[in-house]
**Q** 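Quick one: structure below, then a few questions.
None of the values given here were measured: they were computed from a predicted structure. Lettering of chains follows the sequences in order, A, B, ..., and the numbering in each one begins at 1.
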2 protein chains.
Amino acid sequence: MPTTIKDVAAAAGVSVGTASKALNGLGRMREDTRARVLAAARQLGFRPNPLAQGLLAGRTFTVGLVSSDSFGRFSIPVMLGAEDALGAGQISVFMCDTRDDPIRERHYIERLLARRVEGIIVTGRRTEPRAGIGQNLPVPVVYAMTQSVDERDLSIIPDDRGGGEQAARHLLATGREKIGHITGPERFQAARLRAQGLRDVVEPAGEVLFGEWSEEWGRQGADILLRAVPDVEAIFCGSDQIARGVAETLRERGRRVPDDVALVGFDNWEPMALACRPPLTTIDMSLGDIGRMAAEHLLNVMAGQPAESGVRTVPAGLVIRESTRVAQLP
Amino acid sequence: MPTTIKDVAAAAGVSVGTASKALNGLGRMREDTRARVLAAARQLGFRPNPLAQGLLAGRTFTVGLVSSDSFGRFSIPVMLGAEDALGAGQISVFMCDTRDDPIRERHYIERLLARRVEGIIVTGRRTEPRAGIGQNLPVPVVYAMTQSVDERDLSIIPDDRGGGEQAARHLLATGREKIGHITGPERFQAARLRAQGLRDVVEPAGEVLFGEWSEEWGRQGADILLRAVPDVEAIFCGSDQIARGVAETLRERGRRVPDDVALVGFDNWEPMALACRPPLTTIDMSLGDIGRMAAEHLLNVMAGQPAESGVRTVPAGLVIRESTRVAQLP
DNA sequence: CGGTGATGAGAAAACCTTTGCTCAAACCGT
DNA sequence: ACGGTTTGAGCAAAGGTTTTCTCATCACCG
């Protein structure tokens with residue numbers, strides 16, 4: 001059995017109340033009494049029981065993290081950012097994965113509430129709006145890298161539109177003006193917003209090609225685009241995977257990257273972006289920042305500030321690699 | 001404030017003790033009394049406070065999961081498997097990421113112990129042996145997808161050698177006998193064991209090529225191997241990334257996969273294996289099973305069984321795709 | 001009618017920690 | 001020397017739940 005404060009008090013020859021005060025630096029007592037208690041605690045390896053502390057304080061210093069993404073490629077960095085911010089505040093994180101199943105989700109939420117978590121972060125695979133986990137929950141909730149359809153909730157998502165803009169600006173700045181766009185399914189808000197960001201800056205060359213989030217589609221899409229716009233100077237892709245497919249087709253068709261056609265991806269998924277030939281310039285969604293921001297909001301509400309609501313976007317970053325190198329002068 | 005059992009008791013007009021018994025189906029009482037309590041509990045949305053329950057029972061129903069991998073590609077599936085097994089037992093999981101920093105790790109272990117977790121799972125990026133987190137901890141510890149150098153600890157890792165064997169057998173069974181091997185750095189136990197598994201079944205064609213865990217190395221390695229063994233019939237790769245690089249070089253050199261050269265990868269990392277041209281036959285390390293097994297061991301020890309020690313391997317699986325299709329008859 | 005047993009429900013202790021209150025002793029000033 | 005103040009430390013309650021023990025009531029039997 002772990003040592004309790006009672007053991008410490010007995011070893012130091014004081015009452016438990018005094019021991020508690022000594023350990024917490026409270027109350028007034030002689031220095032040697034305090035020292036005696038501290039020494040006893042150290043020697044016995046005393047650790048206060050957080051259950052008892054939590055019971056008394058009505059707090060648990062825990063939050064729940066619910067992922068509908070099996071903690072995949074997108075929610076992991078979010079989770080790490082959140083854990084970062086929370087861990088610094090001595091808050092521990094309960095992890096749940098819903099496997100995208102509403103029943104499981106409900107179940108986990110119940111479990112978290114039963115455990116008296118002080119807040120819940122919901123993360124997802126993509127930023128698509130989803131049904132919220134409910135209003136009137138006894139704790140604050142924040143959606144990170146996913147978006148609640150209920151606008152009373154707070155959702156923190158990447159700035160897809162701004163990311164599209166940045167990609168376009170970078171391509172313009174490096175001297176490319178005929179810019180094609182190959183991206184994921186149009187039903188995804190992220191795909192639409194990225195395309196919109198591009199359009200905000202420059203009229204795309206040819207149709208915007210909506211398809212799948214896959215390399216295979218990147219290969220196909222590149223062929224379609226090359227046929228429609230043979231003199232295309234750059235291609236902005238909706239994901240790094242698509243970009244890789246595009247890069248392959250370009251190489252096979254004898255177009256050099258970046259000399260003939262420049263390429264920008266999206267996600268900064270390093271195993272993809274770095275293995276691409278050439279390494280891929282891409283947009284980084286700052287997922288860690290999203291997680292951190294979600295956690296900070298939770299901490300603020302837990303500290304008594306009013307809950308916010310609506311949708312917040314986190315600026316994306318541009319990661320420059322070979323695929324947009326400025327063409328060599330002849 | 002959440003409703004307590006006291007509220008329920010008051011609403012039902014009984015004492016808290018009676019209410020507790022009614023809710024837990026214990027003690028003897030009139031049916032209508034029990035019904036009255038249950039109704040009151042339901043109506044008030046009563047949830048027992050797990051802190052109070054845990055305090056009394058001396059249990060917390062939590063375990064800690066410590067990753068030195070930033071919860072990357074390998075430790076995530078392990079984690080999901082573990083959560084699966086634990087969640088079924090009403091155990092919740094505290095998540096910590098050490099960023100591979102021993103100081104942080106120490107810190108997190110302390111925190112978990114202070115929270116009175118009932119067990120700890122340590123996961124890692126690769127199965128390389130690492131220093132344990134310490135003996136004489138007050139709770140059972142199990143290493144999953146990583147290996148403690150201390151053989152008093154229990155480590156659960158994939159069967160790299162068996163995976164190598166399976167790859168080799170599959171290639172032999174599909175009619176390939178000249179089998180080359182391109183893999184990661186020799187300093188990795190995983191790389192050595194996979195090569196050993198291959199050798200257990202068939203003498204490799206040419207040198208075993210140790211290099212990096214990257215596509216780039218796969219491309220280079222393939223060129224080296226083709227020069228050394230021009231009539232190679234199959235290549236077993238130490239990772240799916242390497243295999244992808246190999247596939248690219250083969251295509252560029254005019255060797256068809258699988259007709260001229262068959263290809264087997266390792267990891268079953270789906271974004272890689274599926275995007276490969278052609279889709280990659282590969283070895284799946286059953287990471288989920290590793291996590292599940294680790295969790296089950298923890299549950300057993302928590303239930304009073306003696307702790308085991310040593311290294312356990314979990315059988316790998318063969319996932320068959322296009323890259324090893326049997327060559328068409330002429 | 002007195003005694004016995006069964007039945008139903010309450011009282012209280014226990015888990016561990018924190019904290020406000022009380023109390024005794026020592027010390028100060030007049 | 002005495003009243004008042006400061007200092008040091010203990011007591012006890014609180015937090016929510018479970019569990020053991022006790023007690024009261026009632027029916028039944030002799």
**Q** Does a side-chain N or O of Gln53(A) approach OP1 or OP2 of dC16(C) to a distance below 4.0 Å, or not?
**A** no
**Q** In whole angstrom, what separates Asn49(B)'s CG from dC15(C)'s C1'?
**A** 13 Å
**Q** Would you confirm whether Asp7(A), through its side chain, and Thr4(A), through its main-chain N or O, come within 3.5 Å as a donor-acceptor pair?
**A** yes
**Q** Hydrogens and angles aside, do Asp159(B) and Thr313(B) bring a side-chain donor and acceptor to less than 3.5 Å of each other?
**A** no
**Q** Can you find a donor-acceptor pair, distance only, under 3.5 Å between Lys21(A) side chain and dG20(C) base?
**A** yes
**Q** Using whole Å, report how far CG of Leu51(A) lies from C1' of dA14(C).
**A** 15 Å
**Q** Would you give the length of the straight line joining atom CD1 of Ile157(B) to atom OG1 of Thr127(B), rounded to the nearest 0.5 angstrom?
**A** 5.5 Å
**Q** Look at the side chain of Ser15(A) and decide which nucleotide, out of dG10(D), dG8(D), dT17(D), has an atom nearest to it.
**A** dG10(D)
**Q** Using atom CZ of Arg47(A) as one end and atom P of dC16(C) as the other, report the distance to the nearest whole Å.
**A** 15 Å
**Q** Is it the case that Gln135(B) and Asp153(B) place a side-chain donor and acceptor less than 3.5 Å from each other?
**A** yes
**Q** Please report, rounded to the nearest Å, how far the C1' atom of dT19(C) is from the CD1 atom of Ile5(A).
**A** 12 Å
**Q** Please work out if Arg30(B) contacts a base, only the sugar-phosphate, or nothing of the nucleic acid, heavy-atom cut-off 4.0 Å.
**A** sugar-phosphate
**Q** Please report the C-alpha distance between Glu118(B) and Leu298(B) in whole Å, then the side-chain angles of each, then the deciding distance to 0.1 Å, and finally whether the side chain to side chain contact (heavy atoms under 4.5 Å, CB included) criterion is met.
**A** CA-CA 9 Å; Glu118(B) 300 181 32; Leu298(B) 230 45; over 6 Å; no
**Q** Provide, to the nearest angstrom, the distance between the CZ atom belonging to Arg59(B) and the P atom belonging to dT18(D).
**A** 15 Å
**Q** Taking atom P of dC11(D) as reference, at what distance in whole Å does atom NZ of Lys6(A) sit?
**A** 13 Å
**Q** Could you tell me how far apart Arg28(A) (CZ) and dA9(D) (P) are, to the nearest whole angstrom?
**A** 12 Å
**Q** Specify the residue among Leu55(B) and Ala19(B) whose closest nucleotide of DNA chain C lies further upstream toward the 5′ end.
**A** Ala19(B)
**Q** Would you indicate which nucleotide in dT7(D), dA9(D), dA14(D) comes nearest to any side-chain atom of Leu56(A)?
**A** dA14(D)
**Q** Does Thr18(B) put a side-chain nitrogen or oxygen below 4.0 Å from OP1 or OP2 of dG10(C)?
**A** yes
**Q** Heavy atoms from C-beta onward define the side chain here; which of dT17(D), dT17(C), dG8(D) lies closest to that of Phe46(B)?
**A** dT17(D)
**Q** dA9(C) phosphate, OP1 or OP2: any side-chain N/O from Thr33(B) under 4.0 angstrom?
**A** yes
**Q** Identify which nucleotide among dT19(C), dA9(D), dT17(D) has an atom closest to any side-chain atom of Leu26(A), counting heavy atoms from C-beta outward.
**A** dT19(C)
**Q** Report the distance from atom CG of Asp32(B) to atom C1' of dG8(C), rounded to the nearest whole Å.
**A** 11 Å
